[in-house]
Amino acid sequence: MSVRVRFAPSPTGYLHIGGLRTALYNFLFARHHGGTFVLRIEDTDKTRYVEGSVENIIEMLHWCRLDYDEGPGKGGPYGPYVQSERTEIYRQYARELLDKGAAYIAFDTPEELERMRQRQQQAGIVPKYDRTTMRNQFTLGEEETQRLLAEGVPYVIRLKVPLTGVIKFSDIVRGEISVPARDVDDQILLKSDGFPTYHLANVVDDHLMHITHVIRGEEWLPSMPKHVLLYEAFGWEKPQFAHLPLLLNPDRSKLSKRHGHVAVEDFKKEGYFPEALINFVALLGWNPTGEREIYSLQELIELFDLRKVNKAGAIFDIQKLRWINAHYLRHKDPKELARQLQQYVQERNLGDFSLEYLEKVVILLRERVDLLPEILTFGDYLFHPPTHFEQEYFARVWSEDIEALIPALLTLLRQIEPWEHTVIWEQLKGFAKQQGIKIGKVMNALRLMLTGKSVGAGMTETMEVLGKEETLRRIEQFVTQHLPALRQQMAENASE
RNA sequence: GGCCCCUUCGUCUAAUGGUUAGGACACCGCUCUUUCAAGGCGGCGAUACGGGUUCGAGUCCCGUAGGGGUCACCA
């Protein structure tokens with residue numbers, strides 16, 4: 001039988017990193033086995049629905065190249081793939097459970113349930129639905145139940161969990177697990193609004209959609225016994241289960257918004273590459289060798305093995321993500337990067353720059369930043385003349401000697417031809433020697449005048465990218481405008 | 001608190017019961033050098049604890065401790 005897996009998010013917000021990892025492992029498993037990857041939207045709680053979240057999930061999966069084979073907008077043989085469009089199916093199966101005696105009807109109001117929990121807590125016992133004292137099919141009797149139903153009194157359908165015995169199941173990641181039945185609650189399967197809860201809808205759909213492997217987060221492990229009971233009540237063969245270790249905050253709690261952003265979209269906006277995000281997230285909880293860090297999606301597909309997935313949760317370390325992203329930044333095609341950079345330039349209204357120019361900028365600076373858009377701030381002087389000059393740097397590298405050399409330096413630069421960094425370098429070296437001054441002094445002065453900053457790419461390379469005209473203009477502008485201003489500032493600081 | 005899961009450097013991880021416990025990020029140093037990076041080289045740094053099984057345990061078993069998840073008409 002061919003592999004069929006699903007990613008089943010609920011549309012309660014944006015796709016987050018944890019969801020992406022779950023989707024990724026499902027995707028990798030499906031592709032590795034030549035199986036089918038299904039997207040199913042679990043929107044059975046209409047109160048938690050967030051507008052636009054389905055679109056966001058689909059868009060982000062697509063951005064990461066995790067395209068699904070069946071699902072919303074794509075169709076497939078077992079649709080619809082949105083649970084709110086399948087409510088009649090769940091009602092039908094809930095009735096089947098009722099007929100089989102595996103479930104029962106209950107009329108308790110939320111207030112009554114709350115009082116029950118309070119009583120239990122005061123008595124020091126674990127809160128759990130008590131079907132021998134509450135208002136349900138068993139305590140009310142068949143006749144009264146039918147009467148209330150006929151009257152239209154709201155009701156729910158609950159799973160009738162055995163009072164004794166042990167529920168056992170097997171998990172690909174965690175092995176054999178068993179839970180005493182007495183610790184399992186009589187889960188509500190069908191809510192009073194006629195919608196199913198997760199547990200019913202999930203089991204029914206996984207069966208109807210012929211899912212062979214359920215790969216989901218560890219937070220679902222505690223509800224496994226309920227799901228096992230449901231499969232058994234229906235007489236269905238269970239799929240195989242794999243509960244993935246959680247993604248954690250630096251404090252080891254479940255990954256959440258509190259410690260920085262977790263929405264995939266935020267990483268996209270910040271300028272992370274999808275390849276980097278996928279590469280990083282794939283290695284959180286699974287590793288093919290332990291010796292390599294960089295994998296393409298294709299390589300991940302080839303190597304993926306569910307049995308090698310770890311059991312312990314993994315902290316989401318943004319530092320390593322940045323490093324991986326930086327790696328991709330240094331290895332991607334500069335032409336492609338230039339196109340992407342142009343987008344950022346336009347978004348920020350930095351002016352018009354040709355792709356040729358931006359490509360040079362990318363090559364010049366990509367080894368010095370982790371994210372592509374950081375080039376815009378790190379190398380701001382490549383997009384407009386510097387308006388701010390680091391005072392400390394100025395104080396350190398500017399001197400009377402240097403200032404006296406500026407006219408000669410300008411004359412030298414004017415005659416340099418061709419304007420290429422190797423030529424510029426040779427000429428400047430000769431100049432420094434001739435003037436009996438250290439080359440470093442000249443370079444630092446140029447760096448200050450041309451960029452205003454103490455750090456950046458190689459100076460002559462930067463000059464080449466700026467062009468001769470711009471280089472000369474900036475030097476002149478520095479001497480006539482910025483230098484007096486800087487002097488004045490220094491004087492003010494000194495007098496304070 | 002009940003139930004369930006988990007535990008190798010700070011972090012992500014590797015290790016058919018036999019390795020000086022390996023790699024990567026971060027950090028530190030050296031190197032390169034016109035600054036800052038990148039690269040290269042090196043360093044720091046872990047089997048939670050206690051028992052047991054075994055010639056031999058990170059690996060198997062038991063206990064303890066710690067961490068996490070979950071206990072809704074939410075998924």
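Order of the sequence lines fixes the chain letters, A, B, ..., with proteins taken first and strands second; residue numbering starts at 1 for each chain.
- Tested against A:D186 for a salt bridge (charged side-chain N to carboxylate O under 4.0 Å, His left out), the candidates A:K128, A:R131, A:R158, A:K226 yield a single pass: A:R131.
- Within 3.5 Å, a donor on the side chain of A:K320 pairs with an acceptor on the base of B:A24, or the reverse.
- Legend: residues meeting side chain to side chain donor-acceptor pair (under 3.5 Å) with A:E270, ordered by chain and number and at least two apart, are A:H261.
- Within 6.0 Å of NZ in A:K191 there are more than 12 heavy atoms belonging to other residues, nucleotides or ligands.
- Using the Watson-Crick or G-U wobble rule with both distances under 3.5 Å, B:U34 pairs with nothing in any strand shown.
- Under a 3.5 Å cut-off, the side chain of A:R330 and the backbone N or O of A:R368 do not form any donor-acceptor pair.
- For A:Y381, the side chain to side chain donor-acceptor pair (under 3.5 Å) criterion is met by no residue, not counting sequence neighbours.
- Annotation: B:U11 and B:A46 have their P atoms spaced 12 Å apart (nearest Å).
- The backbone N or O of A:P80 sits less than 3.5 Å from a side-chain atom of A:R86, completing a donor-acceptor pair.
- Looking at A:D108, its side chain does come within 3.5 Å of a backbone N or O of A:R135 through a donor-acceptor pair.
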Please list, pair by pair, any protein nitrogen or oxygen found under 3.5 Å from a nitrogen or oxygen in nucleotides 15-20 of chain B.
none

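- On the P atoms, B:A75 is 37 Å away from B:U64, given to the nearest whole Å.
- Take A:H16 and apply the ring-ring contact (aromatic ring centres under 6.0 Å, His included) test, not counting sequence neighbours, and it matches no residue.
- Residue-level contact check: A:E291 touches the bases, meaning some heavy atom is under 4.0 Å from a base atom.
- The partner of B:G63 is B:C49, judged by Watson-Crick or G-U wobble contacts that both fall below 3.5 Å.
- For A:N249, the side chain to side chain contact (heavy atoms under 4.5 Å, CB included) partners at least two apart in sequence or on another chain are A:D251, A:S253, A:L255, A:S256, A:H259.
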Write out a two-atom table: protein N or O, nucleotide N or O from nucleotides 3-9 of chain B, distance below 3.5 Å.
residue, atom, partner, partner atom, Å
B:C5, O2', A:R174, NH1, 2.6
B:C5, O2', A:E218, OE2, 3.2

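- A:R216 has its CZ atom 13 Å from the C1' atom of B:U70, to the nearest Å.
- Nucleotide B:C55 is matched to B:G18 when pairs are restricted to Watson-Crick or G-U wobble geometry with both distances under 3.5 angstrom.
- The nucleotide B:G2 finds its pairing partner in B:U70, both defining distances of the Watson-Crick or G-U wobble pair being shorter than 3.5 Å.
- Remark: the backbone N or O of A:H243 is paired with a side-chain donor or acceptor of A:D171 at under 3.5 angstrom.
- Partners of A:R182 according to the side chain to side chain contact (heavy atoms under 4.5 Å, CB included) rule, which considers only residues two or more places apart in sequence or in another chain, are A:P180.
- Looking at residues 84-94 of chain A, you'll see that no heavy atom sits under 4.0 Å from any atom of RNA chain B.
- Ring centroid separation for the pair A:F389 and A:W398 does not come in under the 6.0 Å cut-off.
- Comparing the C1' positions of B:U47 and B:U20 gives an interatomic distance of 15 Å, to the nearest angstrom.
- Using a 4.5 Å heavy-atom threshold, the side chains of A:S84 and A:I41 count as separate.
- Across the P atoms, B:G50 and B:A38 are found 41 Å apart, a figure rounded to whole Å.
- Of the nucleotides present, B:G43 is the one that pairs with B:C27 by Watson-Crick or G-U wobble criteria, both distances under 3.5 Å.
- The same atom, P, is picked in B:G45 and in B:A65; the two are 31 Å apart, to the nearest Å.
- To the nearest whole angstrom, the two P atoms, one in B:G63 and one in B:C27, are 43 Å apart.
- As rounded to the nearest Å, B:U16 and B:A21 have P atoms that lie 15 Å from one another.
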Dump the pairs, protein N or O against N or O of nucleotides 73-75 of chain B, anything under 3.5 Å, distances to one decimal.
residue, atom, partner, partner atom, Å
B:C73, OP1, A:R117, NH2, 3.3
B:C73, OP2, A:R117, NH2, 3.1
B:C73, O2, A:S192, N, 2.7
B:C73, O2, A:S192, OG, 2.7
B:C73, N3, A:S192, OG, 2.9
B:C73, N4, A:D108, O, 2.9
B:C74, OP2, A:K191, NZ, 3.1
B:C74, O2', A:D45, OD2, 3.0
B:C74, O2', A:R48, NE, 3.1
B:C74, O2', A:R48, NH2, 3.4
B:C74, O2, A:R48, NH1, 3.4
B:C74, O2, A:R48, NH2, 3.3
B:A75, OP1, A:T44, OG1, 3.0
B:A75, OP1, A:K191, NZ, 2.8
B:A75, OP2, A:Y198, N, 3.2
B:A75, O3', A:E42, OE1, 3.3
B:A75, O2', A:S10, OG, 2.8

Contact letters for nucleotides 35-45 of chain B, in which S counts primed atoms plus P, OP1 and OP2 and B counts the base, heavy atoms under 4.0 Å: BBBSS------

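- In this model, the phosphate group of B:G23 is not approached by any side-chain N or O of A:N287 to a distance below 4.0 Å at OP1 or OP2.
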Show me the donor-acceptor pairs within less than 3.5 Å that the side chains of residues 277-290 of chain A make with the rest of the protein, sequence neighbours left out.
residue, atom, partner, partner atom, Å
A:N279, OD1, A:Y295, N, 3.0
A:N279, OD1, A:Y328, OH, 2.7
A:N279, ND2, A:E293, O, 2.9
A:N287, OD1, A:T289, N, 3.1
A:N287, OD1, A:G290, N, 2.6
A:T289, OG1, A:E291, N, 3.0
A:T289, OG1, A:Y295, OH, 3.3

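- B:G69 and B:U13 are spaced 22 Å apart, taking the C1' atom of each and rounding to whole Å.
- The environment of OH in A:Y155 is sparse: at most 12 heavy-atom neighbours from other residues, nucleotides or ligands sit within 6.0 Å.
- Separating the CD atom of A:Q120 from the P atom of B:A72 is a distance of 10 Å, rounded to the nearest angstrom.
- One atom, CG of A:N279, and another, P of B:U13, lie 14 Å apart when rounded to the nearest Å.
- Applying the ring-ring contact (aromatic ring centres under 6.0 Å, His included) rule to pairs touching residues 168-199 of chain A yields A:Y198-A:W220, A:Y198-A:H227, A:H199-A:H227, sequence neighbours excluded.
- As judged by a 4.0 angstrom heavy-atom cut-off over every strand, A:E461 is placed among the base-contacting residues.
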